[in-house]
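Got a structure for you, questions after.
Values in this document were obtained by computation on a predicted structure and should not be read as measured data. Numbering of ligands and ligand atoms starts at 1, following listing order.
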Amino acid sequence: MSQIQVCQSSDLSEGGIGYRFRVLYNGEETTAFAVRVDNDVRCFLNRCSHVPVELDWNYGEFLDDSGRIIVCATHGASYDATDGNCLGGPCSGNPLVRLAIEEKDGAVYWTPSEQITVPADGIED
Ligand code: FES
């Protein structure tokens, strides 16, 4: 499948605010987000593995003060922001769903999959 440009590289600062965008997950409308951690872009479905709700505390705020841990706003499950693995709390060992992401030429690109696809009216959130 062809790549979709999500945002500019400059939209993501190390350990900073995440960039949200819209996706279809198994045909259901939801969102995903990209964050920069260890100077690499990481991208996940915006859906806690405990209860399928969005993770951010405020719009785009996913990371704790360390800039390396994603903490769910609802019950505090914590995930390693480099790979989405559950670190503790109600996620009970279940990771976040990762999206295929690539940074090149100053921009960030997502490759949709069979499971995670582009909404008919675009990805802008
Ligand atoms: S919904 Fe995320 S910890 Fe419960």
message: Cys91 vs Cys72, test: disulfide (SG to SG under 2.5 Å). Steps then yes/no.
response: CA-CA 9 Å; Cys91 42; Cys72 176; over 6 Å; no
message: If you apply the rule salt bridge (charged side-chain N to carboxylate O under 4.0 Å, His left out), what do you find for Glu124 with Arg20, and how did you get there?
response: CA-CA 8 Å; Glu124 195 169 321; Arg20 287 177 42 134; over 6 Å; no
- prompt: Does a side-chain N-to-carboxylate-O contact under 4.0 Å join Asp83 and Arg42?
  reply: no
- prompt: Would you say Gly89 contacts ligand 1, with heavy atoms under 4.0 Å as the rule?
  reply: no
message: Which residues end up grouped with Val35 if you chain together Ile, Leu, Val, Met, Phe, Trp and Tyr wherever their side-chain heavy atoms are less than 4.5 Å apart?
response: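 Via sub-4.5 Å side-chain contacts, Val35 links to Phe33, Val37, Phe44, Leu55, Phe62, Leu63, Ile70, Tyr79, Leu96.
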query: Which atoms of ligand 1 are found less than 4.0 Å from any heavy atom of Cys48?
result: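 Selected atoms, number and element: 1 (S), 2 (Fe), 3 (S).
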query: Can you tell me which residue and heavy atom of the protein come closest to atom 1 (S) of ligand 1, and the distance to 0.1 Å?
result: His75 ND1, 3.4 Å
message: Can you name the atoms of ligand 1, numbered from 1 with element, that are less than 4.0 Å from a heavy atom of Val53?
response: 1 (S)
message: Closer than 2.8 Å to atom 2 (Fe) of ligand 1: does that hold for any N, O or S atom in Cys72?
response: yes
message: So if I count the atoms of ligand 1 from 1 in the order they appear, which ones are less than 4.0 Å from some heavy atom of Ala77?
response: 3 (S)
- prompt: What atoms in ligand 1 come closer than 4.0 Å to a heavy atom of Val51?
  reply: 1 (S)
task: Please assess Tyr25 against Val97 for the test side-chain contact (heavy atoms from CB on, under 4.5 Å), listing each intermediate value before the final yes or no.
output: CA-CA 10 Å; Tyr25 180 56; Val97 176; 3.9 Å; yes
statement: Shortest non-hydrogen pair, Arg98 vs Ile116, comes out as O-CD1, 4.3 Å
- prompt: Considering only N, O or S atoms, which atom of His50 is nearest to atom 4 (Fe) of ligand 1?
  reply: ND1
